[in-house]
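As structure tokens, the structure follows; a few thoughts come after it.
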Amino acid sequence: MATAPAKLILCGEHAVVYGRPAIALPLADVRATATVTANYSTNEPIINAPDLGGRWSIAERPDDPLSGLVKTVIERFGISPQIEITIRSAIPIASGMGSGAAIATAIVRELLALSGQTLPPAVIAGLVYESERGYHGTPSGIDNTVVAFEQPIWFQRRSNLPPLIEPVAINVPLTFVVGDTGIRSPTRLPVGAVRERWQADPVRYEALFDQVAALVVAAREALATGDVPALGHLLNTNHELLREIGVSSTELDQLTAAACAAGALGAKLAGGGWGGVMIALTTPDRATDIATALRAAGATNTLVTTIAPAAAFFPDR
Ligand code: MEV
């Protein structure tokens with residue numbers, strides 16, 4: 001069995017699609033798993049995904065992004081097609097937590113293990129990127145990258161070059177409360193809406209993206225120095241900018257306000273927006289109260305997670 005983590009965008013979502021930097025964090029304790037077993041009754045791999053509501057052979061659903069990914073990997077690595085891949089995931093779908101990237105990464109890791117191969121995270125991220133394109137149109141590549149590296153990352157697209165991917169140093173443990181609106185929002189919808197608005201008014205949106213980029217730079221500095229209150233302010237600023245970009249919602253605004261009223265250092269929507277999750281940065285002693293306040297304000301689920309301090313290097317590449 002192979003696994004892959006969920007992710008949270010700390011700051012910079014949406015602007016990252018337009019070449020600005022963003023910082024993403026892996027969520028080690030919320031994971032997707034893939035298990036491969038032999039199945040000699042089939043000549044096409046079968047994907048069995050009870051949590052996603054289906055069991056299909058890749059020939060039956062050739063346009064499904066996971067079918068395409070499995071086909072690519074088994075062909076490239078000479079893996080027998082007489083297999084069944086069972087997927088399980090604790091990550092809510094369409095919630096901003098990278099469920100699609102985590103499932104795809106778990107599948108690639110399991111298929112590679114089966115064929116006795118190892119690949120660097122950047123190569124795994126590249127394979128998964130192709131299937132992510134099927135999920136949400138014009139992804140930046142940040143989700144598949146943070147999931148494959150399983151480390152806090154700085155991510156920036158560049159024209160005519162591979163994306164800039166750097167490790168992010170974190171000086172102190174960070175406690176977050178994640179609140180789920182319970183509203184499923186496929187990322188491609190807000191991403192597509194932002195694209196239309198940007199096309200209609202590029203000057204305004206480029207200026208908003210520049211403001212996001214400036215706070216992402218400041219957030220990296222706050223992480224490196226361990227200035228958690230400063231990071232909290234930056235998250236609030238990011239939420240305001242995401243509202244202006246047009247990807248927040250009444251529910252996300254209510255949850256972020258409730259978290260701040262309950263003592264969070266800062267809060268923002270995380271991921272594509274319009275639904276899905278928000279995150280609140282807190283001192284550990286306030287986490288339970290903030291989770292209670294989020295549920296009272298309508299969160300269907302809450303989760304407290306701690307991001308461990310991290311060094312600014314990639315150990316495995
Ligand atoms: C989704 O996790 C982050 C977005 O910026 C989309 C993307 O980067 O592909 C909203």
Side-chain angles (χ1 to χ4, degrees), residues 4-27 30 32 65 89 91-105 125-159 162-166 168 176 178 180-181 183-198 205-206 208-213 215-216 219 235 238-239 241-249 252 268-279:
K7 69 92 194 19
L8 293 170
I9 307 278
L10 178 68
C11 50
E13 55 273 89
H14 286 288
V16 70
V17 176
Y18 299 84
R20 274 52 166 206
I23 297 172
L25 308 169
L27 212 52
V30 186
S89 180
I91 310 166
I93 57 164
S95 67
M97 292 175 71
S99 145
I103 288 169
T105 303
L127 286 165
V128 171
Y129 182 73
E130 291 309 315
S131 77
E132 283 281 283
R133 278 158 60 105
Y135 279 117
H136 51 85
T138 55
S140 63
I142 190 169
D143 288 12
N144 47 292
T145 304
V146 67
V147 168
F149 279 78
E150 284 208 39
Q151 239 183 284
I153 61 156
W154 170 275
F155 182 93
Q156 187 166 16
R157 289 175 116 176
R158 299 177 292 187
S159 48
L164 179 67
I165 302 162
E166 290 179 349
V168 171
F176 290 97
V178 182
D180 192 344
T181 61
I183 297 164
R184 297 295 154 245
S185 174
T187 308
R188 69 188 150 74
L189 300 180
V191 167
V194 172
R195 183 160 296 278
E196 279 173 21
R197 288 180 205 151
W198 171 74
Y205 281 84
E206 287 291 322
L208 286 167
F209 299 151
D210 283 342
Q211 289 180 65
V212 173
L215 79 83
V216 173
L235 299 189
N238 198 173
H239 185 73
L241 289 167
L242 287 162
R243 275 168 56 96
E244 286 190 51
I245 290 168
V247 293
S248 192
S249 67
L252 286 163
K268 64 179 276 290
L269 73 87
W274 282 0
V277 299
M278 49 71 66
I279 55 173

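None of the values given here were measured: they were computed from a predicted structure. Whatever order the structure lists them in is the order used to number ligands and atoms, beginning at 1. Both backbone and side-chain heavy atoms feed into the values below; hydrogens, waters and symmetry mates do not.
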Counting from 1 in the order shown, the ligand 1 atoms closer than 4.0 Å to a non-hydrogen atom of K7 are 2 (O)
Does a side-chain N-to-carboxylate-O contact under 4.0 Å join R20 and E206? yes
Using a strict cut-off of 4.0 Å, indicate which atoms of ligand 1 neighbour a heavy atom of V16. 5 (O), 8 (O)
To the nearest 0.5 Å, atom CD of E150 lies from atom OG1 of T145 at 13.0 Å
What atoms in ligand 1 come closer than 4.0 Å to a heavy atom of S140? 7 (C), 8 (O), 9 (O)
Nearest to atom 6 (C) of ligand 1 by heavy atom, V191, D143, I142: which? V191
Once the angle between the rings of Y18 and W198 is folded into 0 to 90°, is it parallel (under 30°), tilted (30 to 60°) or perpendicular (over 60°)? tilted
P139 heavy atoms within 4.0 Å reach ligand 1 at atoms 9 (O)
What distance do E166 atom CD and I23 atom CD1 have between them, rounded to the nearest 0.5 Å? 10.5 Å
Taking N or O atoms only and a 3.5 Å limit, does E13 qualify as a polar contact for ligand 1? no
Min side-chain heavy-atom separation V146-F155 under 4.5 Å: no
Could you measure the distance from the CG atom of N238 to the CD atom of E13? Nearest 0.5 Å is fine. 5.5 Å
Atoms of ligand 1, numbered as shown, that sit under 4.0 Å from any heavy atom of I9: 2 (O)
Check contact between G272 and ligand 1, using heavy atoms of the residue and a distance below 4.0 angstrom. yes
